[in-house]
Amino acid sequence: MNKAVRKSLIVANWKMNLNTHQASLLLHKLSEKVISHTDTQVVLCPNIMTLQPLSLQVNHRQFKLGAQNFYWRDEGAYTGEVSATMLRGLVDYVLVGHSERRNVFGEHDRDIRHKVQAAYRNGLKPILCVGETAHEKAENETHHVLHDQVVSGLLNITSGEVEDLTIAYEPVWAIGSGEAVQPADLRDAVKSIRKQIHALYGEKASKKVRVLYGGSVNSQNCESFLAVEGVDGLLVGGASLKVDEFASIVEKAHNSRKQKG
Ligand code: PEP
């Protein structure tokens, strides 16, 4: 597989943390500490309220912005919601199907597939999050779960669109738990995801799709995930709020990318 064509991607999910002032301060510190590399794209996903001010503050050559969530309809009587149409011009990426959206807010496969479609309709790049629960892992259902989430999430998506897709493999049990995946299990999961893309869209798409790992990533363990074949980067939650930690993860991703060639 020619990995050289895929840029590494390090995505920071700040979740429901930081008010506008705190988010601005973190961005300021990150912009001083995180070194830009042409082979490694860094995406920051702050809460929705802070997107507008951060979009004015950010150096777009250094960081791209992403939204953590949105509603899939473009406009209308949907009180409290923000659409992908409204995010146009503010962000390049959108997270879709994060396990906290699935499990805390009851999002189903149908919502997730509508969101993927809405992202493409509005010129945004979706990062589709997939992963098994602890129970599903114990029952050896990981591959089955990944298959279903990928197939369902990408319904009605064309092979051209899929080339712009990022899939984040995030085992639910690893998110925020301090317990990360074993590299051998990560390799199997990533292989399974690419196989699925290959079956649905063919070889070219399966080589172009980026696959990330997320779940209790920190600066100490990140290299073991980045070294796994087929892994193009990381989705980072807790550690992305710590300037030195996150800067170190980005640097290690760049080094790993150089080593992979
Ligand atoms: C996440 O928010 O997607 C995540 C992986 O969180 P954490 O790194 O804190 O486990």
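As the structure is a prediction and not an experimental result, all values here were calculated from the model. The figures here come from the full heavy-atom set of this structure, side chains too, leaving out hydrogens, waters and symmetry mates. Indexing begins at 1, ligand by ligand and atom by atom, following the structure's order.
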**Stepwise side chain to side chain contact (heavy atoms under 4.5 Å, CB included) test for Asn69 and Glu107** = CA-CA 11 Å; Asn69 185 38; Glu107 284 188 13; 3.6 Å; yes
**Message:** As a quick check of understanding, evaluate side chain to side chain donor-acceptor pair (under 3.5 Å) for Gln57 and Ser24, giving each step before the final call.
**Reply:** CA-CA 8 Å; Gln57 179 186 339; Ser24 169; 2.8 Å; yes
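Both the backbone and the side chain of Ile175 come within 4.0 Å of ligand 1, judged by heavy-atom distances. Proximity of Ala168 to ligand 1, defined as any heavy-atom pair under 4.0 Å, is not found for any part of the residue.
In terms of protein heavy-atom proximity, atom 5 (C) of ligand 1 is closest to Glu170 OE2, 3.0 Å. From the protein, the heavy atom lying nearest to atom 2 (O) of ligand 1 is Lys15 CE, 2.7 Å. Looking only at heavy atoms of the protein, atom 9 (O) of ligand 1 is closest to Gly238 N, 2.9 Å.
Taking every heavy atom of Gly215 and a limit of under 4.0 angstrom, the matching atoms of ligand 1 come to 5 (C), 10 (O). Atoms of ligand 1 lying under 4.0 Å from at least one heavy atom of His98, given by number and element, are 1 (C), 2 (O), 3 (O). Under a 4.0 Å criterion applied to the non-hydrogen atoms of Gly176, ligand 1 contributes the atoms 7 (P), 9 (O), 10 (O). Near Ala174, with a cut-off below 4.0 Å to any heavy atom, the atoms of ligand 1 are 10 (O). Residue Gly237 has at least one heavy-atom neighbour below 4.0 Å for each of these atoms of ligand 1: 2 (O), 4 (C), 6 (O), 7 (P), 8 (O), 9 (O).
Taking the six-membered ring where tryptophan is involved, the planes of His114 and Trp72 are essentially parallel, since the angle between them stays under 30° and well short of 60°. Classified by interplanar angle (parallel below 30°, tilted 30° to 60°, perpendicular above 60°), the ring pair Phe225/Tyr213 is tilted.
In this structure, Ser224 OG and Gln182 CD are separated by 8.5 Å, a value rounded to the nearest 0.5 Å. Rounding to the nearest 0.5 Å gives a distance of 10.5 Å between CG of Leu234 and OG1 of Thr40.
Distances shorter than 4.0 angstrom do not occur between any heavy atom of Ala239 and any atom of ligand 1.
Under the 4.0 Å criterion applied to side-chain N and carboxylate O atoms, Asp188 and Lys137 are not assigned as salt-bridge partners.
Looking at every heavy atom in both residues, Leu87 comes nearest to Ile48 through CD2-CD1, 4.0 Å.
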